[in-house]
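Keep in mind the model is a prediction, meaning the values are calculated, not measured.
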Amino acid sequence: MYLTKYFLPILKENPSEAQITSHRLMLRSGMIKQSSAGIYSWLPLGLKVLKKIEQIVIEEQVAAGHIPILMPTIQPADLWKESGRLNDYGSEMLRIEDRHGRGMLYGPTNEELVTDIFRSHITSYKDLPKTLFHIQWKFRDEVRPRFGVMRGREFFMKDGYSFDMDRESAIHSYNRHMISYLRTYERLGLQAIPMKADTGPIGGDYSHEFLVLAETGESEVFYDKKVTDSSLGERKIDYSDKQGIAAIVESFTQPYARTDETHDQNLFNKLPPERRLSARGIEVGQIFYFGTKYSESMNAEIVLPDGKRTFVEMGSHGIGVSRLVGALIEANHDDLGIIWPTPVAPFLAVIINLKHGDKKTEKVCEKIYENLVSAGLDVLYDDRDERVGVKFATMDLIGIPWQIIVGPRDLSEGFIELKFRKDGKRTRISFSDCSSELLNALRV
RNA sequence: CGGGCUAUAGCGCAGUCUGGUAGCGCGUUCGUCUGGGGGACGAGAGGUCGUGAGUUCAAAUCUCGCUAGCCCGACCA
């Protein structure tokens with residue numbers, strides 16, 4: 001993409017409404033524009049990041065055997081009457097009336113809809129287990145939206161719903177989700193710690209929130225140092241291996257890790273002092289096994305092998321996709337701007353022409369651009385007539401991982417320069433060799 | 001929903017107390033110089049001062065209402 005042909009409305013100064021880093025940087029780098037409180041338009045750069053996160057989430061869900069669907073944003077109020085949540089949900093739910101006077105609502109979540117889909121089509125244990133998920137816009141009419149996309153009213157969320165014939169199978173579904181979430185966060189370049197969550201009136205051990213550690217996090221978290229030392233890494237996951245999956249889940253959830261809501265100081269104090277850590281965290285996902293709460297109220301039954309009927313066991317699982325954009329920035333930035341982890345970067349690299357109007361540098365930039373694009377890489381070419389300082393400042397701000405710097409000085413000696421945004425390290429690369437050496441470097 | 005604050009050019013702000021020709025920086029347009037970390041000079045464009053009413057010869061400025069946004073708290077993916 002040639003920058004002069006793109007739409008990248010960056011701001012040099014901080015918008016006064018943005019208080020926290022990610023919100024400020026998202027506005028300054030032209031990723032979003034506020035439309036009203038807690039509701040945003042996603043501009044090209046922001047949309048690219050959002051879609052990259054979405055794609056990774058989808059891939060990991062599909063890898064875990066979960067099935068994508070798409071449910072509507074507008075839902076009929078009748079279904080919510082059935083579950084009893086029409087009254088319970090309160091004014092956080094945006095209620096709408098259509099022209100016929102029918103009660104509608106902008107969905108804050110989808111348990112009712114998905115249960116309705118399930119009960120219409122699945123009646124036998126033979127069709128189980130199944131997990132349906134979708135990634136869709138939700139709306140919660142927060143009293144006080146803030147922190148940009150981290151706590152907007154409209155938000156983009158992956159929510160999945162598992163259906164199982166019995167508790168044992170449902171727990172395996174729960175564990176499967178745990179692993180698929182851990183993998184998702186790792187691929188995004190984030191460390192998210194599963195923390196025991198409040199299960200409310202339903203009770204039980206089966207709810208975890210996933211927290212990313214960041215200074216600006218909204219909750220205080222307490223954890224055993226062990227949890228930040230563990231990662232899935234490259235290991236192969238066999239989602240059909242119940243024991244294996246359960247063992248991995250155990251290894252991640254056994255060490256102490258809780259938010260201030262469920263924190264137990266006495267338990268925490270049993271850890272050796274050097275392993276007791278506390279920090280702030282941003283919640284980026286939650287998984288929940290709630291049994292038959294909705295299947296009972298909405299009458300979603302299945303027939304078991306012995307011919308008896310039973311209510312289907314359910315769980316729901318969410319990842320805040322739009323919130324993750326903010327969380328990623330909170331976890332990856334410096335004074336100059338954003339530092340995107342490569343997997344979610346809006347562009348892998350940017351070619352910076354240091355001397356606009358110089359035929360030779362322009363030609364080299366264009367050649368590099370063509371090479372990289374034809375190699376399948378998504379690169380930006382800063383072909384603006386701007387001073388170098390402006391170009392560097394812009395690119396540092398929007399956080400593209402690699403800067404390919406082309407200027408007459410180095411070029412006269414046959415070199416171009418490659419700078420890594422994260423550590424600022426620069427490498428000189430022979431221009432004659434740039435198609436192979438550069439490609440290798442970018443594919444690290 | 002309780003408490004606090006704000007609204008003047010695309011963005012950041014001054015002007016409001018003490019009513020009298022609407023200003024600064026950045027950005028933007030044109031030109032010249034410049035060219036390895038937000039450059040210089042010159043010339044422009046751009047605002048019914050959030051909105052409605054009132055007071056006054058005269059309102060960005062004073063009074064009242066309304067709306068929107070932000071912050072702290074309670075609440076939440």
Distance criterion of 3.5 Å, no angle test: do you see the side chain of [X] paired donor-to-acceptor with the base of [N]?
{"X": "A/D385", "N": "B/G35", "answer": "yes"}
{"X": "A/E13", "N": "B/G25", "answer": "yes"}
{"X": "A/K419", "N": "B/G37", "answer": "yes"}
{"X": "A/R387", "N": "B/G38", "answer": "no"}
{"X": "A/D358", "N": "B/G35", "answer": "no"}
{"X": "A/R28", "N": "B/G38", "answer": "yes"}
{"X": "A/R151", "N": "B/C75", "answer": "yes"}
{"X": "A/R384", "N": "B/G35", "answer": "no"}

task = Would you please say whether a donor-acceptor pair under 3.5 Å links the side chains of A/H177 and A/Y289?
result =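 Distance-only check fails for A/H177 and A/Y289.
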ask   = Is the closest side-chain donor-acceptor distance between A/Q61 and A/S180 under 3.5 Å?
value =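 Yes - a donor-acceptor pair under 3.5 Å links their side chains.
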request  = Select base, sugar-phosphate, or nothing to describe what A/D159 touches, counting heavy atoms under 4.0 Å on all strands.
outcome  =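 Result for A/D159 = nothing.
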key: Touch class at under 4.0 angstrom, heavy-atom based, for A/G30 against every strand present   = nothing
Pairing partner (Watson-Crick or G-U wobble, both distances under 3.5 angstrom) of B/G65 = B/U51
message = Does the protein touch nucleotides 68-73 of chain B at the base, only the backbone, or not at all? Give it as B, S and - per nucleotide, heavy atoms under 4.0 Å.
response = -SSBBB
ask   = So, is A/K12 close to the B/G38 phosphate, meaning a side-chain N or O under 4.0 Å from OP1 or OP2?
value =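 Indeed not, no polar side-chain atom of A/K12 lies that close.
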inquiry  = A/W80 and ring pair (Phe, Tyr, Trp, His ring centres under 6.0 Å): which single residue from A/Y89, A/Y106, A/Y294 fits?
reply    =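 Considering A/Y89, A/Y106, A/Y294, a ring pair (Phe, Tyr, Trp, His ring centres under 6.0 Å) with A/W80 is found only for A/Y89.
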key: Nearest-angstrom distance, P atom, B/C11 to B/C57   = 37 Å
message = Please report the distance separating the C1' of B/G47 from the corresponding atom of B/A7, rounded so that it comes out in whole Å.
response = 14 Å
query = Taking side chain as C-beta onward, heavy atoms only, is A/V312 less than 4.5 Å from A/D164?
reply =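 Heavy-atom side-chain distance check fails, nothing below 4.5 Å.
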